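For reference, the structure is listed below as structure tokens.
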Amino acid sequence: MSEDGILHGTFFMNGDVACAEGAISAGCRFFAGYPITPATEVAERMSERLPHVGGVYIQMEDEIASMNAVLGASWAGVKAMTATSGPGFSLMMENLGLGVILETPCVLVNIQRAGPSTGLPTLPAQGDMMQARWGSHGSYEIIALVPSSPQEIFDLIIEAFNLSERYRVPVLVMSDEAVGHMSEKVVIPEISPENLMSRRRPDVPPEEYLPYKADGDLVPPMAIAGEGYRFHVTGLTHDEKGYPVMTAEAQDKLVRRLVDKIKLNRNDIIKCEESDVEDAEIIVCAYGITSRIARLAVQQARNEGIRAGLLRLITVWPFAEERVKELAKQVKAFIVPEINYGQIVLEVERCAAGKASTVLVPHMGGSVHTPHTILNAIKESLQ
Amino acid sequence: MGIREIRIAGFGGQGVVLSGQIVGQAASIHDKGFATLTQSYGPEARGGSCTSEVVISDEPIGYPYVQNPNVLIILSQEAYTKYVNDLPSDTLVIIDPNLVKPDPSQNPAPLAIPATHMARELGRVVVANIIMLGYLAAVSDILSPKALKKSVLTSVPKGTEEFNAKAFELGYNYGLEHGKKSKSKADG
Amino acid sequence: MTSTKTPVTLEESNIESFLRMDRMPHIWCAGCGIGTAVGCFARAVERAGLDPDKVSLISGIGCAGRAAGYVKLDSFHTTHGRALPFATGLKLGNPELNVVVFSGDGDLLAIGGNHLIHSARRNIDLTVICINNFNYGMTGGQMGPTTPIDARTTTTPYGNVEYPFNAPYLLAASGATYVSRWTVMHPRELERSIAEALVKPGFSFVEVLSPCPALYGRLNKESKGLDTMHTYLKRSVIRNGADPKDAEIGLNGPILVGKYVDIERPTLWDCCKQVFDRVKEKKSK
């Protein structure tokens, strides 16, 4: 550990711990959470590490409180995060919406376990992917990243903070129990300050400041509490001043901007990884832990002379719509293995729009797919 | 070598997870390979069943869980019953004979090291798992003894390195003397 | 703990600089007490000598929750029941801020009840101003956690069958370091009490009884308009230092007002700082 309390070097650590270290490296200095398997280790690590970097850990009375405390801390100018799993994620949904409408940068980690309800607390699933997109009421856009290894959790937490500060939106990191609890080598580099994004602050005096007046990029500069701006923000539909306005026109203007600031910047946000897609006639589209298994299946298929490729989604929301549409012109089928009963496959199917067939390889959770299952689906789709 | 898999099974409090951690770290940091450690345990913190599994490879690891273990270290009768059936004959099974009574019909018979007893003799029963790792280094070639020892020394509490090094050597020498070197299968 | 400035009269106080006049008129009904409470709060900030730039006001949802929209402070109108955890994050994010939660009884004691007792338990340095009008006003006068037994509301048309919370008793038991209750017909006392609460380290809770003549008052045949106000004044019995156990409020009869709790206890931030010291000590060893 260096003088400033930030870790550097090569470690063998689990995904939850790597998640906490990613947050510390990203400049997160506030964590509010509630113990829940399999995300508890994130909270434990944050409680140990934050005092070393002058940050504050607080264990709240529930996940509703955790989400709100994170929003409050962000408005004090502090980078803030919470981590949870299914049941807690459900409790956070209402105030995720508050984060969206107040345009509050923060990071929310979901180490997914199998549901519904209490489900399988210690075992993996990817069942909250659509909840990540649509879980809070109303129309909005969100950013969700999906890591497939402890190293990638570390990397994507930093990316998540950067995106949240850049676009003033809560960013979700949708990991799962398998990745959260597996240990692998994690390289923690020194992150130079220019690689860490901070929200744009107002450059006008308080009397000229309009909290929700956005420039061309649709992201308004953000004042923080205590600096004399004396701003008002509300979860009600509001105008540029931040004042409530109960009209359809105000609603249209606000919600359109909240959606567009993500949608129109999607090329800057979306990240995917492709392998063997150039000549592929079958593409496996997978994310998170499942993408690792999918890679094995694709390799095996190639060994057997099948022209298979892998599209690994790193950003799941916003969805890599354009790329899938493009690939649909080239391939016979998309194979979509997920640890749920079909969620992201609906997006793939929508974008394939009948040009390529779409095959779901579902798994109800509690374990992961075997490479064999995915390979079989690849073969069947060719028949 | 392709994929190598180790499963360590016993109950909570025996250092099962730490052993897995040490093995994984040895393979992926002190050696030049890749390793993934996963673990499972019952809801009780101590005394419940506990398993750690390490997959080691020269390439990034896709499937993270153990499927066909090359090495199985068994530290409780319950784990023996659970894991020893239907094993490929080339799986190296290692037991602590004071904790596990193996099925006499098992062929080949498992390797045995009374690690818990030896640790007690040495003065601290908590190093039984380190003695076991020393033994593993001697009887199996899935990891270099040097990397494993280095990993032990960087994983134990500060100030206990010397004692743990002694424990590791003890197990290692026991392995050279009593164990038979078994070549692990390369699975792919 | 007393105020740091001499009291100002209503005429002297420059309340307009404290309000978002561009948002007037406010939405509160004629005869409602919330505006009076906001006025008392404004003067209390002045009386306590606080820099308004460093004061943040957080509200939940409901009639009282609209206060955040009318004060010219950094002000946050959050979700129903969640003002306290939001305020908790804000305060821990910047302990230099003076963070005030201004919300209603339904918001703080029902949907936000768990946050309320836990905030008091951890003694976070916040000031809560809880407007108690005995019902849910914004949604049309339904029964709430403070509705007296037998009282009529739009969801207790035959009389309320549930016992209400005794807020001062609950807060005292939960660990608040300052607990008081006044009505909006005690503006001087209320202002003084809020000023005390603002400078008091730890979790302060000021309950403000405030008539809701349009709903609760009408349904329970409290007299109209100004007379309702007088009813509250007439029913009040000032007894500072009373046992909060005795602060129950019935449909009729006397209402105890005054200061119940004013004690010293390390705040959450005091304890956080101890952790920082322990970590520093460990590092230097």
Side-chain angles (χ1 to χ4, degrees), chain A residues 1 3 5 29-30 32 47-80 82 94-95 97-98 101-102 104 106 206 211 223-236 238 241-244, chain C residues 20 22-23 27 51-61 65-66 68-99 111-112 114-115 117-119 121-122 124 268-269 272 275-280 282-283:
Chain A
M1 202 186 298
E3 201 48 35
R29 294 296 176 264
F30 182 86
S47 73
E48 181 193 337
R49 295 280 288 118
L50 275 171
H52 286 267
V53 293
V56 176
Y57 166 88
I58 185 165
Q59 190 163 309
M60 297 301 287
E61 50 276 15
D62 56 34
E63 288 87 348
I64 303 173
S66 303
M67 185 70 227
N68 278 281
V70 161
L71 298 179
S74 184
W75 280 98
V78 180
K79 289 187 184 178
T82 184
E94 183 197 6
N95 293 287
L98 181 64
I101 200 168
L102 297 186
T104 309
C106 62
I224 60 173
E227 293 196 321
Y229 281 89
R230 301 223 213 159
F231 56 82
H232 174 63
V233 298
T234 173
L236 290 166
H238 46 260
K241 281 183 180 171
Y243 290 178
Chain C
R20 296 184 189 277
D22 55 347
R23 289 216 57 216
I27 64 159
D51 174 1
D53 283 355
K54 300 289 178 197
V55 180
S56 284
L57 188 131
I58 327 291
S59 289
I61 297 297
R66 290 304 182 99
Y70 298 126
V71 294
K72 208 167 174 183
L73 298 169
D74 291 330
S75 57
F76 301 86
H77 184 218
T78 65
T79 46
H80 197 20
R82 315 307 168 197
L84 267 166
F86 192 102
T88 297
L90 190 71
K91 178 70 184 178
L92 292 174
N94 182 358
E96 302 301 313
L97 298 176
N98 209 306
V99 181
I111 190 167
N114 200 35
H115 308 311
I117 58 174
H118 283 277
S119 304
R121 172 183 62 78
R122 55 174 77 97
I124 182 163
L268 177 64
W269 187 244
C272 286
V275 166
F276 291 140
D277 290 343
R278 272 177 227 153
V279 168
K280 226 178 265 167
K282 215 170 147 189
K283 258 193 200 163

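Since the structure is predicted, the reported quantities are computational estimates derived from the model, not experimental observations. Order of the sequence lines sets the chain letters (A, B, ...), proteins ahead of strands, with each chain counted from 1. What's counted below: heavy atoms across the whole structure, side chains too, no hydrogens, waters or symmetry copies.
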Quick one: which of [options] has the most heavy-atom pairs under 4.5 Å with chain A, could you say?
options: C:N98, C:I117, C:V279, C:V275; result: C:V279
options: C:L92, C:D51, C:V55; result: C:L92
options: C:H115, C:K54, C:E96, C:H80; result: C:H115
options: C:K91, C:K72, C:K282, C:K280; result: C:K72

Using non-hydrogen atoms only, which part of [X] is less than 4.5 Å away from chain C: side chain, backbone, both, or neither?
X: A:F231; value: both
X: A:E48; value: neither
X: A:L71; value: both
X: A:V233; value: both
X: A:A32; value: neither

C:H118 versus C:R121, side-chain donor and acceptor atoms under 3.5 Å: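 A donor-acceptor contact under 3.5 Å links the two side chains.
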Counting only non-hydrogen atoms closer than 4.5 Å, does [X] touch chain A with its backbone (N, CA, C, O), its side chain (CB onward), both, or neither?
X: C:L97; value: side chain
X: C:T78; value: both
X: C:L268; value: side chain
X: C:A87; value: neither

For [Y], does its backbone N or O pair with a side-chain atom of [X] as donor and acceptor, under 3.5 Å?
X: C:T88; Y: C:L84; answer: yes
X: C:R20; Y: C:L73; answer: yes
X: C:R23; Y: C:G69; answer: yes
X: C:R82; Y: C:I111; answer: yes
X: C:D53; Y: A:E227; answer: no
X: A:R49; Y: A:G5; answer: yes

Top contributor to chain C interface from A:V78, A:N68, A:L50, A:L102 [non-hydrogen pairs under 4.5 Å]: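 Most heavy-atom pairs under 4.5 Å with chain C: A:N68.
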Contact winner vs chain C - A:R29, A:H232, A:M67, heavy-atom pairs under 4.5 Å: A:H232
Close side-chain approach of A:P206 and A:R230, heavy atoms under 4.5 Å: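 Heavy-atom side-chain distance check fails, nothing below 4.5 Å.
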With sequence neighbours excluded, residues passing salt bridge (charged side-chain N to carboxylate O under 4.0 Å, His left out) with C:D22: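 Only A:K241 meet the salt bridge (charged side-chain N to carboxylate O under 4.0 Å, His left out) criterion with C:D22.
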Counterpart residues, salt bridge (charged side-chain N to carboxylate O under 4.0 Å, His left out), relative to A:E61 (two or more places apart): C:R122
